[in-house]
Amino acid sequence: MTTTDLPVPAMRGTEGVPTLAEGESQTGKDFTSDQEVRWCPGCGDYAVLKAVQSFLPDLGLRRENIVFVSGIGCSSRFPYYLDTYGMHSIHGRAPTIATGIATAREDLSVWVVTGDGDALSIGGNHLVHALRRNVNMTILLFNNRIYGLTKGQYSPTSEVGKITKSTPMGSVDQPFNPVSLALGAEATFVARTIDSDRKHLTGVLAAAAAHRGTSLVEIYQNCPIFNDHAFDGLKDRDSAERAVIPLVHGERITFGGGTLGLARDAASGGVRVVEVGDVDEADLLVHDAHAEDPSTAFAISRLTDAGYLNRSPIGVFRQVERPTYDDQTRAQVSAARDAAPGEPAERLAGLIGGGDTWTVV
Amino acid sequence: MSKQVKQLDRVIIRFAGDSGDGMQLTGDRFTQESAAFGNDLVTLPNFPAEIRAPQGTLPGVSSFQVHFADHDILTAGDAPDVLVAMNPAALRANLPDLPRGATIIVDTHDFGGRNLTKAGYDSDPLADLESPGSPLADFAVHPVDLTGMTVGAVKQFGLSRKDAARAKNMFALGLLSWMYGRPTDSTEAFLAKRFAKVPAIRDANLAAFSAGWSFGETTETFAVRYEVKPAPMAPGTYRNITGNLALSYGLVAAGVQSGLPVFLGSYPITPASDILHELSKHKAFGVTTFQAEDEISGVGSAIGASFAGHLGVTTTSGPGVALKSEAIGLAVMTELPLVVIDVQRGGPSTGLPTKTEQADLLQAMFGRNGEAPVPVVAPRSPGDCFDAALEATRIAVTYRTPVILLSDGYLANGSEPWRIPDVEDLPRIDPGFATEPNHVVSPDDPDTRDFWPYLRDEDTLARPWAVPGTPGLEHRIGGLEKGEGHGNISYDPANHDRMVRTRQAKVDRIAASLPPLEVDDPSGAASVLVIGWGSTYGPIGAGVRRVRRAGHRVAQVHLRHLNPFPDDLGEILRGYDKVLVPEMNLGQLSLLLRARYLVDAVGYNHVRGLPLKAAELAEAIGALVAEAEGVEVDLSAPAGDPADHPED
């Protein structure tokens, strides 16, 4: 039997995870654990935690069926502050643990909380493999472009030339663009949002949670201690309008108060920023997050500044349906089970007693 | 032609050829035939790490040794009585292992030109066999053109010459089957099934097999047939089984006996991959196999599955354990059940991927940061891998702990007759999931309870296993130190000291659940004890028999549990003047025994990538007996009736 003999599992969204009964309700408080939150004052993690705590009740899923898994780093303390099931694991390995949980159990909503060092440096391998497999989990990648918990070394998303404790003459490491990386790793859901934009953050989280498969959400998150002001270019009222490129599926991509847009660049095959008035309206790019081919999404992701962030697209870059690893794995197991009736003990006797046997009396 | 039939009590045959010659299959078939005939047997496959080393060269030689007997035997034999060599390289590579007088059946087909050079022969060793200067003068050599006769026998099927020649291993098998009176029906059925889709190949293999048999019957080259009678065995139904297969079945059984779905997270590695292959066939038992992107993901996913209420298992070899160490530490800290299978191979680093060794004991014991005690169990024979897997699961589930099971390359690929257990007799394993809150929040309000993930069972010190989906038991665990009972993060010095000691105490408690050790000391008066663990059981037992056969006393104990040691081990060790510890490492169990019991353990250590040799080991035991008892030990002089003391 091969997978081609089995129907592709047709579950969508959070199907399979038990929901609240009629009349039951949950609030943000239900999701708040009794543990004191211990991030630095002004840390962007607070905003994300608050957004998640207040957004989770909206999912309508039973609290006991939600699992948060994290790795190591400041953001990885996240699970302790949520009154769900959780595991604060080891550096970079959260996606592996989440893969085990998600594959074992259809009835769990699985979340991974990770950072730029955790997900992209020590855990880079696991991240790309989770994405290509499309295991049903939502990954929140807190990107502050610095190592916080180890006190201020550059990270795989820090800009070239960054002066840190470990790079007194400036970093010579080319950074990753997490969105480009995820798109290259066959991800089915890739989004970016900002810690300080509660409404956008919540909207992206909702879309990510509703996606069946691996959802990667990069959250720009400010570290006030070791990399303060890293995202000011996107946050300051004066500059934000021309810096943030909002992506909304089905809508024309414009920013700069409607003066700027995106158009295909025939020469490079990529996408370039244009003055809206300089091109035919028909040539202005309309965002299609559901396009099968990730090329355009990738091209848009390349508009992110690699150095100091003066420009970055924000929103859901890509959201396509593809059968998940865990659904298909469970389908194989249950098909095999259905094809083998009888008590397990009886079948076990058949298994170990199979092959060439002989009897001594 | 009627031929003489000679009775033998045991025979050791080694099939050797090029990696592509099908020697493993040939050996395996001969083994199945011998098993079906009722002999006791032990096998030793030996093959290079390269899938196809350059043809005809010494590094490309692959061999399969089978020892079969009319009595209970323990090893695959030190030295072959019969070598079947399919090319010059196979002859040259295996010659040093043969005792004088051994029989050599050699395919003459490739003895010429470049093939001789590739094997390092300047001249044809088969020329001038009668001359005293011949390198083969000490052996009974039967040069036979196996390839040529095979090609002739399968002519009618219209195969290419190359395909026709490929059936030569079946010709050799047919010949050997005739020589030792093996039943042929299982091989015929096997070939019919294996090549069912390619009738010409099927028919050619069957024809070659039958031609080999007929050749033996009609040729004058072989004047004698041999008979090795069936061995008396305990009543029951038997099958021949390799360690990796028995281990896989043990894990399936562990799932059935615990009611837990098995989740295997694994990354392919020699010699453990067969367990992944085998378990992937048993989805009908609810077994999920996840081929991970690396060793770390293999163990990480298994830990996740365990957290989710499955039986998390990861399989690997020594290099993989090194990569998994941090995650095993996480399982120690989070106190989750986890079964880690290490099929040991030669090390360090990549080492000898296809050869056996037992040098990961200290890695299993101590290869983690911090005080991270992990129970360790080891099977003693291929069939015993089944029971060891169940025992590892029992400990993991009962005590909520990772357990390392140390198999090795010899157990993994070697085989023996295995009495198939009755499923009714297998131990039951109770996961005992937590279902409700276990802690009274305040004495003033005894009805309000919450859940404390680190409140322990008084007997086992195990913590509750509360799986996601259980309402009211939501909790967080992780790698940071846990506060006693409530399990929240704690950096309190006294708490850390207490938790470190508690985790150790929990592992120590396992000893209370172990049966007394079996001490094999028939006279009850031996002054030398031989103690071992893992796959050295066979060679140690055979060595001990040889010493007893020479009229001397010696005791034997073999350990299933390496951590914790059984409670009665200290007293047993103190009961002997000398303790010998044979191991395929440089003295790892010795080190542990000396440290733990202050016993002057003497090591017997070889790391040749092969099982210990019983004869050499017997000499070492004999020397220690001589020293301990002040007697002369001459192992060449059997005392009493040899029938009472089978040799191996």
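Within every chain, numbering begins at 1; the chains are lettered A, B, ... in the order of the sequence lines, protein sequences first and strands thereafter.
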Chain A heavy atoms under 4.5 Å from B/Ile477: which part of the residue, side chain, backbone, both or neither?
both

Residues A/Asp326 and A/Thr324: side-chain donor-acceptor under 3.5 angstrom
yes

Pick from B/Asn240, B/Ile241, B/Leu245, B/Thr470: which one has the most heavy-atom pairs with chain A under 4.5 Å?
B/Thr470

Residue, of A/Thr329, A/Val128, A/Asn125, that accumulates the most heavy atom pairs under 4.5 Å with chain B
A/Asn125

Among B/Gly286, B/Pro230, B/Ser301, residue most engaged with chain A (heavy-atom pairs, under 4.5 Å)
B/Ser301

Portion of B/Leu311 that has a non-hydrogen atom of chain A nearer than 4.5 angstrom
neither

Give, as side chain, backbone, both or neither, the part of A/Arg62 having an atom under 4.5 angstrom from any heavy atom of chain B.
neither

Under 4.5 Å from any heavy atom of chain A, what part of B/Thr289 do you find: side chain, backbone, both or neither?
backbone

Portion of B/Ala234 that has a non-hydrogen atom of chain A nearer than 4.5 angstrom
backbone

Cut-off 4.5 Å, heavy atoms of chain A, and the answer for B/Ala302 is neither

Most contacts with chain A, counted as non-hydrogen pairs under 4.5 angstrom, among B/Gly312, B/Ala284, B/Ala308:
B/Ala284

Going through the checks in order, is the ring pair (Phe, Tyr, Trp, His ring centres under 6.0 Å) test met by B/Trp418 and B/Tyr238?
CA-CA 5 Å; B/Trp418 178 55; B/Tyr238 288 78; 9.5 Å; no

Show, in sequence, the C-alpha distance, side-chain angles and deciding distance for A/Arg212 and A/Glu15, and conclude whether the salt bridge (charged side-chain N to carboxylate O under 4.0 Å, His left out) test is met.
CA-CA 9 Å; A/Arg212 198 167 190 89; A/Glu15 270 176 41; over 6 Å; no

Answer yes if the ring centres of B/Phe68 and B/Phe37 are under 6.0 angstrom apart, and no otherwise.
no

Could you tell me whether A/Tyr85 and A/Trp111 have their ring centroids closer than 6.0 angstrom?
no

Looking at A/Arg133 and B/Glu293, is there a salt bridge between them, counting it only when a charged N and a carboxylate O are closer than 4.0 Å?
yes

Given that the side chain runs from C-beta out, which part of A/Ile72 has a heavy atom under 4.5 Å from chain B: side chain, backbone, both or neither?
neither

Which atoms of B/Phe190 approach chain A - backbone, side chain, both or neither, heavy atom under 4.5 Å:
neither

Under 4.5 Å heavy-atom distance to chain A, tell me which part of B/Phe263 shows up: side chain, backbone, both or neither.
side chain

Region of B/Pro417 in contact with chain A, defined by heavy-atom distances below 4.5 Å:
both

I'd like to verify something: which residue of B/Pro471, B/Ala305, B/Gly38 has the highest number of heavy-atom pairs under 4.5 Å with chain A?
B/Pro471

If one checks every heavy atom of B/Pro421 against chain A at 4.5 Å, the contacting part turns out to be both

Kindly state whether the ring of B/His439 and the ring of B/Phe451 have centres lying under 6.0 angstrom apart.
no

Measure from the side-chain N and O atoms of A/Arg93 to the backbone N and O of A/Ile122, and report whether any donor-acceptor pair falls under 3.5 Å.
yes

Interchain contact, B/Phe285 with chain A, by part (heavy-atom threshold 4.5 Å):
both

Distance-only donor-acceptor hits, side chain of residues 350-361 of chain A, under 3.5 Å, sequence neighbours excluded:
| residue | atom | partner | partner atom | Å |
| --- | --- | --- | --- | --- |
| A/Thr359 | OG1 | B/Thr237 | OG1 | 3.2 |

Between B/Arg476 and A/Ser33, is there a side-chain donor-acceptor contact under 3.5 Å, judged purely by atom types and distance?
no

With a 4.5 angstrom heavy-atom cut-off, could you sort out which part of B/Ser186 is near chain A: side chain, backbone, both or neither?
side chain

Within the 6.0 Å centroid threshold, strictly below: A/Tyr46 and A/Trp39:
yes

Is it the backbone or the side chain of B/Val299 that comes under 4.5 Å from a heavy atom of chain A, or both, or neither?
neither

Counting only non-hydrogen atoms closer than 4.5 Å, does A/Ser89 touch chain B with its backbone (N, CA, C, O), its side chain (CB onward), both, or neither?
both

Non-hydrogen atoms of chain A under 4.5 Å away: do they reach the side chain of B/Ala189, the backbone, both or neither?
neither

Under 4.5 Å, counting heavy-atom pairs only, tell me which of A/Thr99, A/Asp83, A/Asn65 racks up the most with chain B.
A/Asp83

From CA spacing to verdict: side chain to side chain donor-acceptor pair (under 3.5 Å), B/Glu33, B/Thr187:
CA-CA 7 Å; B/Glu33 292 174 2; B/Thr187 292; 2.5 Å; yes

Residue part contacting chain A, namely of B/His310, when any heavy atom lies under 4.5 Å:
side chain

Note: B/Arg463-B/Glu335 ion pair, threshold 4.0 Å (strictly below)
no

Between A/His129, A/His126, A/Arg63, which shows the greatest number of heavy-atom pairs under 4.5 Å with chain B?
A/His126

Is the centre of the A/Tyr80 ring less than 6.0 Å from the centre of the A/His88 ring?
yes

Rounded to the nearest 0.5 Å, what separation is found between the OG1 atom of B/Thr43 and the CG atom of B/Asp28?
7.5 Å

Between A/Tyr325 and chain B, which part of the residue has a heavy atom less than 4.5 Å away: side chain, backbone, both or neither?
side chain

